[in-house]
> 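Take a look at this one; I'll ask things after.
Nothing here was measured: the structure is a model prediction, and the numbers come from that model.
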Amino acid sequence: GSSRSSVFQKIFISKALNNPNKIYAEDVQSNRNGYVVTLGCDWNHENVGTRICLSALDKNTKTISPISFDNVSKEGWTQTAAMDKIIDLNRVFIPDFIYVDEGFGYAQIEMLKKFALSKYGKTYAGDPDLRLANIVGINFSSSVKIVDPKTNQEKNRFIKQYMVENAVNFFEEGMISLDIE
C-alpha cells in the first residue's frame, strides 16, 4: 500500500501489474537478441537468504520485467549454493551484465571471477562461464558521479539512493511490467 515510508506508490505498482508488455523467461530464451538481461545479487546469511534476480529489458517496448527471482537459503552453504545458482543462471540466460553486492560478497566475487579465469584456454571462446570474469561488485555505501540533466553539472550521489530513485522513475514512466506468480 501507499504510505509515507513506501518507496513505490501503489498506483504505479498497479500500473506495472497491468502493463501488457510482460516479459517471461521463455520470451528471452526464444529471442535472446531482443533483450538486455541483467543479473543482480544481494548476498545475505542463511536466515535471510541470498537474493538473485534476473531482469530483462525489451529492446522494442523499452519495458523492464523480472524474469527470474531466487532466494538461496541453504543451511551452512548459502553463499556456495548462491554462487552455483549464479553460474547456472549465467549459462541459461547469458546476462549482458552481472552486478552483485560487494559488501557481503567480496570473496564470492573473487571466487566467481577465479572460476571464469580458470576456464580461459580450456573451453570455446563463447562459453558463458568466461563472462563471469566481468562480474561487477557494487558497494552500496559508495557514491557515483552523475551529470544533472537540467544544470549539466556533475554531482556525487550515493549509489543506493541513485538506484532507488531510478527505479521509482522507471515505475512512474510505465517502464516496469510485473506479474504475480
> Find the distance between CG (Leu178) and CD1 (Ile64) and round it off to the nearest 0.5 Å.
10.5 Å
> Any chance you could measure Leu117, atom CG, to Asp129, atom CG, to the nearest 0.5 Å?
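So the CG of Leu117 and the CG of Asp129 are separated by 11.5 Å.
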> For the residue pair Thr63 and Met175, establish whether any side-chain heavy-atom pair is separated by less than 4.5 Å.
no
> Are Leu132 and Tyr99 joined in one hydrophobic group, where the rule is that I, L, V, M, F, W and Y side chains link up if heavy atoms are under 4.5 Å apart?
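No, Leu132 does not connect to Tyr99 through the hydrophobic network.
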> Grouping I, L, V, M, F, W and Y whenever their side-chain heavy atoms are under 4.5 Å apart, do Ile87 and Ile98 come out in a common cluster?
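Shared cluster, yes.
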> Carefully, step by step, assess Asn139 and Ile159 under the rule side-chain contact (heavy atoms from CB on, under 4.5 Å).
CA-CA 8 Å; Asn139 181 337; Ile159 291 216; over 6 Å; no
> Closest heavy-atom contact between Gln29 and Val92?
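Residues Gln29 and Val92, closest heavy atoms: NE2-CG1, 2.9 Å.
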> Hydrophobic clusters here meaning ILVMFWY residues chained together by side-chain heavy-atom distances under 4.5 Å, can you tell me if Phe93 and Phe115 are in one?
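Yes, same cluster.
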> Go through Met111 and Gln79 one step at a time and tell me if the side-chain contact (heavy atoms from CB on, under 4.5 Å) criterion holds.
CA-CA 11 Å; Met111 289 168 44; Gln79 306 310 318; over 6 Å; no
> Could you check whether any side-chain N or O of Lys59 sits under 3.5 Å from a backbone N or O of Asn33, counting only pairs where one atom can act as donor and the other as acceptor?
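Confirmed, Lys59 side chain pairs with Asn33 backbone.
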> Do other residues, nucleotides or ligands put more than 12 heavy atoms under 6.0 Å from the NZ atom of Lys119?
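Counting neighbours around NZ of Lys119, more than 12 heavy atoms of other residues, nucleotides or ligands fall under 6.0 Å, so yes.
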> Take atom CZ of Phe158 as the centre, draw a 6.0 Å sphere, and report whether it contains more than 12 heavy atoms from other residues, nucleotides or ligands.
no
> Any heavy-atom pair between the side chains of Pro95 and Thr38 that's under 4.5 Å?
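A side-chain contact under 4.5 Å is absent here.
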> Start with the C-alpha distance between Glu102 and Phe140, add both sets of side-chain angles, then the distance that settles side-chain contact (heavy atoms from CB on, under 4.5 Å), and finish with yes or no.
CA-CA 8 Å; Glu102 184 180 74; Phe140 288 106; over 6 Å; no
> Mind checking whether Met83 and Trp43 have side chains closer than 4.5 Å, heavy atoms only?
yes
> If we only count heavy atoms from C-beta on, is the Ile52 to Leu39 side-chain gap below 4.5 Å?
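Result yes, sub-4.5 Å side-chain heavy-atom pair found.
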> Hey, is the main chain of Leu17 close enough, under 3.5 Å, to the side chain of Lys22 for a donor-acceptor pair?
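The answer is yes, because a donor-acceptor pair under 3.5 Å joins these two groups.
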> Under a 3.5 Å cutoff, is there a donor and acceptor pairing between the side chains of Asp70 and Ser68?
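Yes, side-chain donor-acceptor contact under 3.5 Å.
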> Backbone N or O of Met163 within a donor-acceptor pair of the Asn166 side chain at under 3.5 Å?
no
> Nearest 0.5 angstrom please: Asp42 CG to Ile138 CD1, how far?
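Going from the CG atom of Asp42 to the CD1 atom of Ile138 covers 12.0 Å.
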> Would you check if Tyr162 and Ile146 make a side-chain contact, meaning some heavy-atom pair closer than 4.5 Å?
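Yes; the side chains approach each other to less than 4.5 Å.
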> If you take all heavy atoms of Phe97 and Val36, which pair is closest and at what distance?
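Looking at all heavy atoms of both residues, the closest pair is CE1-CG1, 3.8 Å.
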> Nearest heavy-atom pair of Asp96 and Arg131: which atoms, and what distance?
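Distance-wise, the nearest heavy atoms are CA-NH2, 3.5 Å.
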> Is a side-chain donor or acceptor of Ser65 paired with a backbone partner of Ser177 at a separation under 3.5 angstrom?
yes
> Do the side chain of Asn90 and the main chain of Pro128 share a donor and acceptor less than 3.5 angstrom apart?
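Yes.
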> Any side-chain to backbone donor/acceptor pair from Asn19 onto Gly174? Under 3.5 Å, distance only.
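Present.
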> Just verifying a value: how many Å separate Asp27 CG and Asn31 CG, rounded to the nearest 0.5 Å?
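Interatomic distance, Asp27 CG to Asn31 CG, rounded to 0.5 Å: 8.5 Å.
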> Can you hop from Ile86 to Tyr106 via hydrophobic side chains spaced under 4.5 Å?
no
> List the atom of Ile23, the atom of Ala56, and the distance in Å for their closest heavy-atom pair.
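For Ile23 versus Ala56, the nearest heavy atoms are CD1-O, 3.4 Å.
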> Taking the basic N atoms (NZ, or NE/NH1/NH2) and the acidic carboxylate oxygens, is any pair closer than 4.0 Å for Asp148 and Lys155?
yes
> Report yes if some heavy atom in the side chain of Asp101 is under 4.5 Å from a heavy atom in the side chain of Cys41; otherwise report no.
no
> To the nearest 0.5 Å, tell me how far Asn18 CG sits from Ile13 CD1.
11.5 Å
> If you take all heavy atoms of Asp127 and Thr123, which pair is closest and at what distance?
OD2-OG1, 2.7 Å
> Between Val7 and Val168, is there a side-chain heavy-atom distance shorter than 4.5 Å?
yes
> Heavy atoms only: give me the nearest Gln9-Glu172 pair and the separation to one decimal.
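It is NE2-OE2, 4.4 Å.
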> Transitively linked via ILVMFWY side-chain contacts under 4.5 Å: Val100 with Phe104?
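Same hydrophobic cluster.
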> Would you confirm whether Arg32, through its side chain, and Tyr35, through its main-chain N or O, come within 3.5 Å as a donor-acceptor pair?
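The answer is yes, because a donor-acceptor pair under 3.5 Å joins these two groups.
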> Can you measure from CD1 (Ile94) to CG (Leu89) and round to the nearest 0.5 angstrom?
12.0 Å
> Is a donor on one side and an acceptor on the other found under 3.5 Å between the side chain of Glu110 and the backbone of Gly105?
no
> Just so I know, are the side chains of Leu54 and Val37 near enough to count as touching, which here means a heavy-atom distance under 4.5 Å?
yes
